[in-house]
Colleague: 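First, the structure itself, so that you have it in front of you.
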Number of protein chains: 2
Amino acid sequence: MNPLPALAPASADATCNPAGTPALDAAQAKEQASIFKALADPNRLRLLSIIKAAPAGTVCVCDLTDPLNLTQPTVSHHLKVLLDAGLLQREKRGIWAYFSLTPGALDHIAGSLARL
Amino acid sequence: MNPLPALAPASADATCNPAGTPALDAAQAKEQASIFKALADPNRLRLLSIIKAAPAGTVCVCDLTDPLNLTQPTVSHHLKVLLDAGLLQREKRGIWAYFSLTPGALDHIAGSLARL
DNA sequence: GCCCGACATTGATGTGCATCGATACACCAT
DNA sequence: ATGGTGTATCGATGCACATCAATGTCGGGC
């Protein structure tokens, strides 16, 4: 369970880009696109924002359905998308599931943007 | 024709986030999501990468269809999406259309990510 | 004038995704 | 065990999008 497995190999081999091959090959592009796809939804951005702004840094699912005005299955779906993208971490405490930002994930994405 | 009209109002009013309202309201989230939606496609990421890596900083459309292995209408569609998102600029020289990165656009997105 | 090449737009098609209701699962209390 | 509550998963539905072929538009050369 490495953190951010999909973000790692973005800057491995630095080719000198010989005027015909694109700087980003198809595999790298697909990986990065999947990350941005996770961010390409208003409700998921709001989820990230709420979790980031939380005092303890962790938020229970039951506190996320009301501010977004979505049903519980929909919120759970979005959280899973962000989880699979490596942006969130889940910690189960008893009945409740607490979500927190993966440390450095947003910074990592910002870096890969600048390194396009 | 302002550059990056959809990116501007991200950090206007800084509320103190009173424990119920999300840090990102629905309108801001929708705007930012539309930007990430433009980035959430492998071929569009490759287009940006190719244009950024080009020596002159500008690339003709005819040089973009081959490396992506897509038809010309599809490439034109993707370029329009990036154009509408404020990420690219178009300059027509005679018959040809040259595309270049909007200066600071990627940095702006990276900043808004960190400011979520 | 006419034709040709570069690019944009349109229409159609298949696929993917956001959302919901219903249901299943996990955990605690009694 | 039995009931109840918080989450996750499933199936279905409607919409958005990526892609292409065909067509339209603009500009240059003959």
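Chain naming here is simple, since letters A, B, ... match the order of the sequence lines and numbering starts at 1 in each.
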Colleague: Less than 4.5 Å apart, any side-chain heavy atom of Ile109(A) and any of Phe36(A)?
Modeller: yes
Colleague: Between C1' on dC27(C) and OH on Tyr98(A), what's the gap in Å once rounded to a whole number?
Modeller: 14 Å
Colleague: Nearest-nucleotide wise, let me know which of Asp41(A) and Lys92(A) is further upstream toward the 5' end of DNA chain C.
Modeller: Asp41(A)
Colleague: With heavy-atom distances below 4.5 Å as the criterion, would you say the side chains of Leu48(B) and Leu24(A) are in contact?
Modeller: no
Colleague: Would you kindly compare Gly94(A) and Asn69(A) by the position of their nearest DNA chain C nucleotide and give the one closer to the 5′ end?
Modeller: Asn69(A)
Colleague: Other members of the hydrophobic cluster containing Val81(B), with the 4.5 Å side-chain heavy-atom rule, please.
Modeller: none
Colleague: Would you say the side chain of Leu106(A) lies within less than 4.5 Å of the side chain of Leu116(B), judging by non-hydrogen atoms?
Modeller: yes
Colleague: Let me spell it out: for each of Cys62(A) and Thr71(B), pick the nucleotide of DNA chain D with the closest heavy atom. Which residue's pick is nearer the 5' end?
Modeller: Cys62(A)
Colleague: Which part of the nucleic acid, if any, lies within contact of Arg90(B), taking any heavy atom under 4.0 Å across all strands shown: a base, the sugar-phosphate backbone alone, or nothing?
Modeller: sugar-phosphate
Colleague: Could you tell me the separation between the CD atom of Gln72(B) and the P atom of dC4(C), rounded to a whole number of Å?
Modeller: 18 Å
Colleague: For a quick test of your reading: what N or O donor-acceptor pairs under 3.5 Å do the side chains of residues 59-79 of chain A make, sequence neighbours left out?
Modeller:
| residue | atom | partner | partner atom | Å |
| --- | --- | --- | --- | --- |
| Thr71(A) | OG1 | Thr74(A) | OG1 | 3.0 |
| His78(A) | ND1 | Arg44(A) | NH1 | 3.0 |

Colleague: Nearest whole Å is fine: how far is dA6(C) C1' from Leu79(B) CG?
Modeller: 13 Å
Colleague: How many Å lie between CZ on Arg46(A) and P on dT19(C), as a whole number?
Modeller: 11 Å
Colleague: Given atom NE2 of His77(B) and atom P of dT13(C), what is their separation to the nearest angstrom?
Modeller: 18 Å
Colleague: Is any side-chain nitrogen or oxygen of Thr74(A) closer than 4.0 Å to OP1 or OP2 of dC20(C)?
Modeller: yes
Colleague: How long is the line joining CZ of Phe99(B) and C1' of dA6(C), in whole Å?
Modeller: 12 Å
Colleague: Hey, are the side chains of Ile51(A) and Leu82(A) touching, using non-hydrogen atoms and a 4.5 Å cut-off?
Modeller: no
Colleague: Going 5' to 3' along DNA chain D, which are the first and last nucleotides with any atom under 4.0 Å from a heavy atom of chain A?
Modeller: dG6(D) to dT9(D)
Colleague: Which listed nucleotide (dA18(C), dC20(C), dA6(C)) is nearest to the side chain of Ile95(B)?
Modeller: dA6(C)
Colleague: Do the non-hydrogen side-chain atoms of Gln89(A) and Pro103(A) ever get within less than 4.5 Å of each other?
Modeller: yes
